[in-house]
**Student:** 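Attaching a single structure in structure tokens format; questions to follow.
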Amino acid sequence: MHVTGIGKCSHVSTYAASLFSSTGNPAYYLHGTEAVHGSCGQLAAGDVVIAISNSGETGELKATVLAVKNNGCKVIGVSGNPESWLAKNTDAFLFAGVKAEGGPLNRAPRNSVLAELLTLQALSVALQVEKDWDPVKYVRCHPGGKLGQLRENEK
């Protein structure tokens, strides 16, 4: 699995790839613009790419999605616009919409980032359940820190 986005969605993508990987679904960050400049080389036909864009209309992400699909990958779109180009040009679509961003200009990605994060966190839970990801498997991938210790009732 690969996760991509442009701008603030790129930051969401790196977090999501890390979260998916630590919960049983290996995922890699795919740079949203570098993909069309050679980074599609990390893809193999049949891979799944999650593409994130609040508007679903970002030009750079459109080019990336087309390149990804041209490489034989399936695409899951995550957007706040169910009528967007992204929603209509992906194999599956997850809605992550908000009514307003907040702040004096109502432009900087604030609430949309939170909606994208929550949507991808929910997807990670569903995939974790699907894979029957238990505490022993989790600790094997995350042996450090307090999270990397099995609790008494998990041994």
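Hydrogens, waters and symmetry mates play no part in the numbers below; they use all other heavy atoms, side chains included.
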**Student:** Under 4.5 Å between side-chain heavy atoms, hopping through other hydrophobics if needed: is there a path connecting Met1 to Leu123?
**Tutor:** yes
**Student:** Hydrophobic cluster membership, with links at side-chain heavy-atom distances under 4.5 Å among I/L/V/M/F/W/Y: are Leu66 and Leu43 in one?
**Tutor:** yes
**Student:** How would you list, by chain and number, every residue that makes a side chain to side chain contact (heavy atoms under 4.5 Å, CB included) with Arg107, sequence neighbours excluded?
**Tutor:** Leu105
**Student:** Taking only distance into account, with no hydrogens and no angle test, what donor-acceptor pairs under 3.5 Å do side-chain atoms of residues 139-146 form with protein atoms, sequence neighbours excluded?
**Tutor:**
from	atom 1	to	atom 2	distance (Å)
His142	ND1	Gly144	O	3.3

**Student:** Taking all non-hydrogen atoms of both residues into account, name the closest pair between Ala51 and Leu61 and its distance.
**Tutor:** CB-CD2, 4.2 Å
**Student:** Search all heavy atoms of Glu101 against all heavy atoms of Ser112 and return the closest pair with its distance.
**Tutor:** OE2-OG, 2.6 Å
**Student:** Only counting residues at least two apart or in another chain, list the ones meeting ring-ring contact (aromatic ring centres under 6.0 Å, His included) with Tyr28.
**Tutor:** His2
**Student:** Determine whether Val113 and Leu94 fall in the same hydrophobic cluster, where Ile, Leu, Val, Met, Phe, Trp and Tyr are linked whenever their side-chain heavy atoms lie under 4.5 Å apart.
**Tutor:**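 In one cluster: yes.
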**Student:** Which pair of non-hydrogen atoms, one from Lys131 and one from Lys137, has the smallest distance, and what is that distance?
**Tutor:**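 Lys131 and Lys137 have their closest heavy atoms at O-NZ, 4.0 Å.
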**Student:** Starting from Trp85, can I reach Val49 by hopping between I/L/V/M/F/W/Y residues whose side chains sit under 4.5 Å apart?
**Tutor:** yes
**Student:** For Gly24, does its backbone N or O pair with a side-chain atom of Gln128 as donor and acceptor, under 3.5 Å?
**Tutor:** no
**Student:** Calculate, to the nearest 0.5 Å, the distance between atoms CD1 and OG1 belonging to Ile50 and Thr4 respectively.
**Tutor:** 10.5 Å
**Student:** In the structure I gave you, are the side-chain heavy atoms of Glu116 and Thr119 within less than 4.5 Å of one another anywhere?
**Tutor:** no
**Student:** What heavy-atom pair brings Leu150 and Val136 nearest, and what distance separates the two atoms?
**Tutor:** CD2-N, 4.0 Å
**Student:** To the nearest 0.5 Å, what is the distance between NZ on Lys62 and CG on Leu86?
**Tutor:** 10.0 Å
**Student:** A side-chain contact here means heavy atoms from C-beta on lying under 4.5 Å apart; do Pro135 and Arg151 qualify?
**Tutor:** no
**Student:** Any chance you could measure His31, atom NE2, to Gln42, atom CD, to the nearest 0.5 Å?
**Tutor:** 11.0 Å
**Student:** Ignoring hydrogens and angles, write down the donor-acceptor pairs under 3.5 Å from the side chains of residues 73-83, residues two or more places apart or on other chains.
**Tutor:**
from	atom 1	to	atom 2	distance (Å)
Ser79	OG	Ser53	O	2.9
Ser79	OG	Asn54	O	3.0
Ser79	OG	Asn81	N	3.0
Asn81	OD1	Glu83	N	3.0
Asn81	OD1	Ser84	N	3.4
Asn81	ND2	Ser55	O	3.3

**Student:** Applying a strict under-4.5 Å side-chain criterion to I, L, V, M, F, W and Y, I'd like to know whether Leu127 and Val3 cluster together.
**Tutor:** yes
**Student:** Sequence neighbours left out, what passes side chain to side chain contact (heavy atoms under 4.5 Å, CB included) with Val36? Give chain and number order.
**Tutor:** Ala63, Thr64, Ala67
**Student:** Between Thr33 and Ile6, what is the shortest heavy-atom contact and its length?
**Tutor:**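 Result for this residue pair: CG2-CD1, 3.8 Å.
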**Student:** At their closest point, which heavy atom of Ala96 faces which heavy atom of Ala115, and how far apart are they?
**Tutor:**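 Result for this residue pair: O-CB, 3.6 Å.
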**Student:** Which side-chain hydrogen bond (donor to acceptor under 3.5 Å, both in side chains) pairs, counting each pair once, include a residue from residues 5-26, with sequence neighbours left out?
**Tutor:**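 Sorted result for residues 5-26: Ser10-Tyr29, Tyr15-Gln121.
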**Student:** Flag the pair Leu30 / Val68 as yes when at least one side-chain heavy-atom distance between them is below 4.5 Å, and no otherwise.
**Tutor:**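 SC-SC contact between Leu30 and Val68 confirmed.
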**Student:** Out of curiosity, Leu19 CG to Leu120 CG, how far, rounded to the nearest 0.5 Å?
**Tutor:**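 Taking CG in Leu19 and CG in Leu120, the distance rounds to 8.5 Å.
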